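None of these values were measured; they are calculated from a predicted model.
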Amino acid sequence: MSSEKQRKELDDRARKGETVVPGGTGGKSYEAQQHLAQGRSRGGQTRKDQLETEGYQEMGRKGGLSTGANQIATTDERDKIAEKLDVDESTG
């Protein structure tokens, strides 16, 4: 199958609402899904670069702790994370 034919087939499937590119959810064409996937990947990388690796990891840990999905950390560990992130948890 030629590359052009594959592209047309993927574009047709995307127009029918199918996700044909990982991360391209919501795109109405093959090209749109590619752009969405690239933007999402780049946005996540930019956020990681802005917060640096340590801040990015702490942000993820804090999210897990606040949702109750991961209650492994002790109270002291949660307090240290909240302090580093300067989170106001007084309104609850």
Side-chain angles (χ1 to χ4, degrees):
M1 192 183 304
S2 72
S3 176
E4 190 174 319
K5 188 174 179 182
Q6 284 177 327
R7 185 180 194 93
K8 176 155 177 32
E9 183 180 309
L10 290 172
D11 194 49
D12 289 343
R13 288 172 44 197
R15 290 184 194 284
K16 292 178 185 175
E18 187 177 336
T19 300
V20 295
V21 176
T25 306
K28 301 293 182 190
S29 70
Y30 175 66
E31 186 178 358
Q33 288 190 17
Q34 284 181 316
H35 288 292
L36 282 167
Q38 286 174 343
R40 288 180 178 137
S41 175
R42 197 173 345 188
Q45 185 61 46
T46 300
R47 175 66 52 87
K48 184 176 181 180
D49 292 344
Q50 289 170 341
L51 295 173
E52 298 176 354
T53 301
E54 185 179 327
Y56 194 71
Q57 289 169 345
E58 287 177 14
M59 184 176 70
R61 270 187 243 132
K62 181 60 184 171
L65 293 174
S66 65
T67 60
N70 184 1
Q71 293 296 325
I72 296 172
T74 65
T75 302
D76 287 341
E77 289 171 331
R78 287 192 295 265
D79 290 345
K80 286 178 187 176
I81 292 169
E83 249 178 55
K84 285 183 181 179
L85 295 175
D86 192 31
V87 174
D88 179 12
E89 294 183 341
S90 61
T91 59

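Remark: Arg40 pairs with Thr25, Leu36 by the side chain to side chain contact (heavy atoms under 4.5 Å, CB included) rule, at least two apart or across chains. A search for side chain to side chain contact (heavy atoms under 4.5 Å, CB included) contacts involving Ser29 returns Asp11, Arg15, Glu31, Ala32, not counting sequence neighbours.
The two residues Gly24 and Gln33 have their closest heavy-atom pair at O-CG, 3.1 Å. The minimum heavy-atom distance between Pro22 and Ala37, with the atom names listed, is O-CB, 3.4 Å.
The side-chain contact (heavy atoms from CB on, under 4.5 Å) test with Val20 singles out one residue from Arg13, Glu9, Gln34, and that residue is Arg13.
Here Lys8 pairs with Asp12 in a salt bridge; the nearest charged N to carboxylate O distance falls below 4.0 Å.
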